[in-house]
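What follows is a short report on a single structure.
The shown structure was predicted, so the numbers you read here are calculated from the model rather than taken from an experiment. Side chains included, hydrogens not; waters and symmetry mates left out as well; all remaining heavy atoms used.
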Amino acid sequence: METLDKPLESKTYYPRIDLYRFVFTVFVVILHFECFYPTKPKDNIFALYRSVDFFFLLSGFLLFKSLKNQKYQNALDFTLSKAKKLMPVNLVVIAAACICTSFPKVFAVKSLLGSCKTLFINLICSIPNIFFVQLFIPILEKFIPSRYEAFPMWYISAMIVSCFIWFWILSALKNKNGTDSKYYSWGLVAAVLVYSSIFNLYGKTDVAFDEIVPFFNLPAGFFRGFADIGLGIFLANYEFKIENQKLRSFLKLFFPLLLFVSIFYAKYSVFDYIYIFFCAVTLVFEFSLQETPKFEKYCSFIGKISLYVYFTHAFVIFYEYTPLIQKFPELNDYFYLNIFVRILLLAATTIAAYWLSKPAGILLNKLYAAIKLKD
């Protein structure tokens, strides 16, 4: 494994990464369904919380590649670009959640007016969620009497804010010390310090928005993401040089198998950090590959679908599956039928969110075009 001191001008798209995205998204969906409606009494399923670390690490790799390629002018430009990509589906899901919560049952004009008032309040109070800062300003949950606070959007919030901070830090270090300096090494320093602090405080890496870090008064999930992204930034400067074709072919099967099998092992233990190491080494290997797989044209679609599945699955759990299982509790007695219903609801909602995001994206682009920076 060797460092990359020259600008990263290799491939800009890695199809296999989208396959990883999809599998880990499915793991997150399984985890959240099982947390609220367990189908199997197997404790190892709950170790799937490690999936989020993969996404944070991947964000670190992609962030540093963007920085080295000078794709964005500054941290704000980089952050706005990521936010704009996520904004349409985010708006669709938040609006749908507010509507479902505000209009549970309407039988009279008085009830309708009350529901409209509730909807207005919910939409106003969802502003932190709309701008991806709900991990730091959790206002909406105080108004909506539901399980909305369990929406897994904390990851998006932690990722966007952490990426903004890291991009700003790296840009400042790069301008001060030059491109020949090892300024990216601060990613490793931050990762080691934060990982050790989280484990000493909580004895696990499964921290999100519930645990608050003393002194900083910030959710531990933010620091978890900050550390993972920092490690990804550091390792983005390395690559594997494997000339042996047989060995490379073996590793292309071994690394995915290693991640997808070992993720179930020994939850809430030091293996949390070993698994992060597995993810890190796998990503270094995957970003070192130069050949293009035959199934590339399908990978982009799968990666795009993963985004919509992630954004919509909590909505499915709380506003679609929950009312259904309450009305038909006997569904729990039929495992395969239950799983089929979950998949069907998730697929239908994902497709709906995908199509609704298109007009939302058009309207947002018009809004962006109307907003100009003053001279």
Counting distance only, does the side-chain N/O of [X] pair as donor-acceptor with the main-chain N or O of [Y] below 3.5 Å?
| X | Y | answer |
| --- | --- | --- |
| H313 | Y310 | yes |
| S288 | E239 | no |
| N69 | K71 | no |
| D77 | Q73 | yes |
| S269 | A266 | yes |
| S157 | W154 | no |
| T349 | L346 | no |
| R342 | Y321 | no |
| D18 | Y14 | no |

Value rounded to 0.5 Å, distance of [atom1] in [X] from [atom2] in [Y]:
| X | Y | atom1 | atom2 | value |
| --- | --- | --- | --- | --- |
| Q70 | S171 | CD | OG | 10.0 Å |
| F264 | L48 | CZ | CG | 4.5 Å |
| L31 | I263 | CG | CD1 | 9.0 Å |
| L283 | F61 | CG | CZ | 5.0 Å |
| L62 | L57 | CG | CG | 11.0 Å |
| E211 | L218 | CD | CG | 13.5 Å |

I want to check something: taking the side chain as every heavy atom from C-beta on, are [X] and [Y] in contact at a cut-off of under 4.5 Å?
| X | Y | result |
| --- | --- | --- |
| I169 | W186 | no |
| F285 | L289 | yes |
| F278 | F271 | yes |
| K358 | I362 | no |
| D53 | I276 | yes |
| S181 | L173 | no |
| V207 | I198 | yes |
| I160 | I156 | yes |

Joint cluster assignment, I339 & V29, ILVMFWY side-chain distance < 4.5 Å
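No, it is not one cluster - the side chains of I339 and V29 are not joined through contacts under 4.5 Å.
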Quick check on the hydrophobic clustering: are F328 and L345 connected, directly or via other members, by side-chain heavy-atom contacts under 4.5 Å?
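They do share one cluster, since a chain of ILVMFWY contacts under 4.5 Å joins F328 to L345.
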Not counting sequence neighbours, which residues clear side-chain contact (heavy atoms from CB on, under 4.5 Å) with A280? List them please.
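Scan of A280 (side-chain contact (heavy atoms from CB on, under 4.5 Å), adjacent residues dropped) gives L231, L235.
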For residues [X] and [Y], report the shortest heavy-atom separation together with the two atoms involved.
| X | Y | value |
| --- | --- | --- |
| R50 | R224 | CA-NH2, 4.3 Å |
| P15 | C299 | O-CB, 3.4 Å |
| I229 | S162 | CD1-CB, 3.6 Å |
| A158 | L135 | CB-CD2, 3.6 Å |

Within the 6.0 Å centroid threshold, strictly below: [X] and [Y]:
| X | Y | result |
| --- | --- | --- |
| F33 | Y37 | no |
| F27 | F54 | no |
| F223 | F216 | yes |

Using a distance-only test with no angle check, is there a side-chain donor-acceptor pair under 3.5 angstrom linking Q326 and T322?
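No.
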Between E286 and Y20, do the side chains contain a donor N or O and an acceptor N or O under 3.5 Å apart?
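There is such a pair between these side chains.
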For the pair Y275 and S262, evaluate side-chain hydrogen bond (donor to acceptor under 3.5 Å, both in side chains) and give the outcome as yes or no after the intermediate values.
CA-CA 8 Å; Y275 190 77; S262 64; 5.2 Å; no
Fit a plane to each ring of F136 and F222, take the angle between them on a 0 to 90° scale, and name the class: parallel (under 30°), tilted (30 to 60°) or perpendicular (over 60°).
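The arrangement is perpendicular - the two ring planes meet at more than 60°.
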Which word best sums up how the rings of F226 and W166 line up, parallel for under 30°, tilted for 30 to 60°, or perpendicular for over 60°?
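If you compare the ring of F226 with that of W166, the planes turn out parallel.
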Run the ring pair (Phe, Tyr, Trp, His ring centres under 6.0 Å) check on F311 and F315 step by step: do they pass?
CA-CA 8 Å; F311 266 87; F315 179 87; over 10 Å; no
Which pairs count as side-chain hydrogen bond (donor to acceptor under 3.5 Å, both in side chains) when at least one residue sits in residues 190-208, sequence neighbours excluded?
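Matches after skipping sequence neighbours: Y195-D228, T205-D272, D206-Y268.
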Report the C-alpha distance between F24 and F260 in whole Å, list the side-chain angles of each, state the deciding distance to 0.1 Å, and finish with yes or no for ring pair (Phe, Tyr, Trp, His ring centres under 6.0 Å).
CA-CA 8 Å; F24 279 109; F260 300 153; 5.6 Å; yes
Apart from V261 itself, what residues make up its hydrophobic cluster when side-chain heavy atoms of I, L, V, M, F, W and Y under 4.5 Å apart count as a link, directly or indirectly?
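Its cluster mates, by chain and number, are L257.
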